[in-house]
Amino acid sequence: DTLTGLPNRSLFFHRLSRQIQESRELDSHTVLCVMDVDRFRVINETYGRHEGDALIAEVGGRVRDAVDENSTIARIGSNTFAIAFSGKMDVAETGHRLEELNQAVFDAAFRLGDDDVRVQATTGVAVFPEDGNSPETLLGNAEAALRNARGRNIRFLLYSKEMNERVAESMRLENRVRAALEDGEFSLWYQPKVCAQTGKLRGMEALMRWKDSETGKMQPPDLFIPVSGGQCFADTAEAARPRRYADRGADCGTGSGQRD
């Protein structure tokens with residue numbers, strides 16, 4: 001593509017076909033995103049085609065910078081980009097990748113003429129092998145998801161209803177964990193480690209607990225640990241570790257919260 005320097009539709013199909021074959025051999029997934037820049041016609045009419053072209057070139061550059069070298073990207077329409085990435089991804093990671101891509105490309109404003117303009121995009125997503133086994137089928141289903149997303153006025157939508165619900169639930173859980181951290185719903189419980197031979201205290205294991213204000217119940221660690229990022233819990237444990245045990249020379253290392 002002369003404007004963005006990205007592969008065109010024909011070259012994209014060739015590379016996507018190879019990417020799908022590799023995923024098939026590795027028993028992994030290929031996630032195909034079709035991204036439409038919103039209100040592009042209005043931008044062209046307001047700022048002129050020159051600024052519209054500059055916007056598309058800038059979007060292409062940001063997309064290129066946002067993905068790794070193993071991803072396949074292309075401009076497949078006047079204001080439409082396709083991005084494909086592969087790997088052994090669970091639902092949560094797929095949702096994260098989609099959000100990170102959207103933020104990397106569109107969080108910062110675009111300079112159009114003398115104005116800094118906020119631009120957004122709508123994205124349809126299809127996943128190999130669940131949503132198709134060929135580049136043509138996968139792209140067709142991603143474009144169908146894109147049309148559905150536009151009709152429902154949402155930022156991105158997966159073709160598979162089941163996958164879409166699982167991604168949405170994972171993102172809701174992450175938001176709940178974030179809010180719970182801010183509201184102080186997490187607490188640390190300390191489990192002593194005692195030498196079996198001497199009976200002396202050798203250290204403490206920090207166990208994270210979450211009493212969910214939404215349900216009033218203690219949530220199991222395997223629910224919130226995968227979406228927590230971990231480091232925030234480690235920092236909390238370090239700040240709150242029992243001083244008297246540290247003063248006695250005990251190793252009060254933090255635990256993952258994975259066991260009771």
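These values consider heavy atoms only, across backbone and side chains, with no hydrogens, waters or symmetry-generated copies. Position 1 is the first residue of the sequence; numbering continues from there.
Residue Met89 holds its CE atom at 7.5 Å from NE2 of His29, rounded to the nearest 0.5 Å. Separation of atoms CD (Gln103) and NE2 (His96) is listed at 10.5 Å; rounding is to 0.5 Å. Between the NZ atom in Lys200 and the SG atom in Cys195 there is a gap of 9.0 Å [rounded to 0.5 Å]. Here the CD1 atom belonging to Ile43 is positioned 9.0 Å from the CG atom belonging to Asn79, to the nearest 0.5 angstrom. Here Asn133 contributes atom CG and Gln21 contributes atom CD; the two are 10.5 Å apart, rounded to the nearest 0.5 Å.
Taking each heavy atom of Ile56 and Phe81 in turn, the nearest pair found is O-CZ, 3.6 Å. Across all their heavy atoms, Val105 and Phe110 have their closest contact at O-CZ, 3.5 Å. Of all heavy-atom pairs spanning Gly132 and Thr137, the tightest one is CA-CG2, 3.8 Å. Nearest approach of Ala142 to Ala126, heavy atoms of both residues: N-CB, 3.7 Å. Shortest non-hydrogen contact noted between Leu157 and Ala145 is O-CB, 3.5 Å.
In this model, no donor atom of one side chain and acceptor atom of the other lie less than 3.5 Å apart for Ser86 and Ser28. Between the side chains of Tyr47 and Asp115, at least one donor N or O sits under 3.5 Å from an acceptor N or O.
The backbone N or O of Pro7 lies less than 3.5 Å from no partner atom in the side chain of Asp1, so there is not a single donor-acceptor pair.
Residue pairs meeting the salt bridge (Lys or Arg N to Asp or Glu O under 4.0 Å) criterion with at least one partner in residues 46-60, sequence neighbours excluded, are Glu58-Arg62. Within the structure, every pair that satisfies the salt bridge (Lys or Arg N to Asp or Glu O under 4.0 Å) test and touches residues 30-45, not counting sequence neighbours, is listed here: Asp36-Arg150, Asp38-Arg150, Asp38-Arg155. Applying the salt bridge (Lys or Arg N to Asp or Glu O under 4.0 Å) rule to pairs touching residues 2-31 yields Arg9-Glu143, sequence neighbours excluded.
Hydrophobic cluster of Phe128: the remaining members, joined at side-chain heavy-atom separations below 4.5 Å, are Phe12, Phe13, Leu16, Ile20, Leu32, Val34, Ile76, Leu138, Leu139, Leu146, listed by chain and number.
For Ser78, the side chain to side chain contact (heavy atoms under 4.5 Å, CB included) partners two or more places apart in sequence, or in a different chain, are Arg75.
Cation-pi geometry between Arg97 and Phe85 is met: the NZ or CZ atom falls under 6.0 Å from the ring centre, inside 45° of the normal.
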With a 3.5 Å cut-off and sequence neighbours excluded, list the donor-acceptor pairs that the side chains of residues 63-72 form with protein atoms.
residue	atom	partner	partner atom	Å
Arg64	NH2	Thr4	O	2.8
Asp68	OD1	Asn70	N	2.9
Asp68	OD1	Ser71	N	3.1
Asp68	OD1	Ser71	OG	3.1
Thr72	OG1	Gln19	OE1	2.4

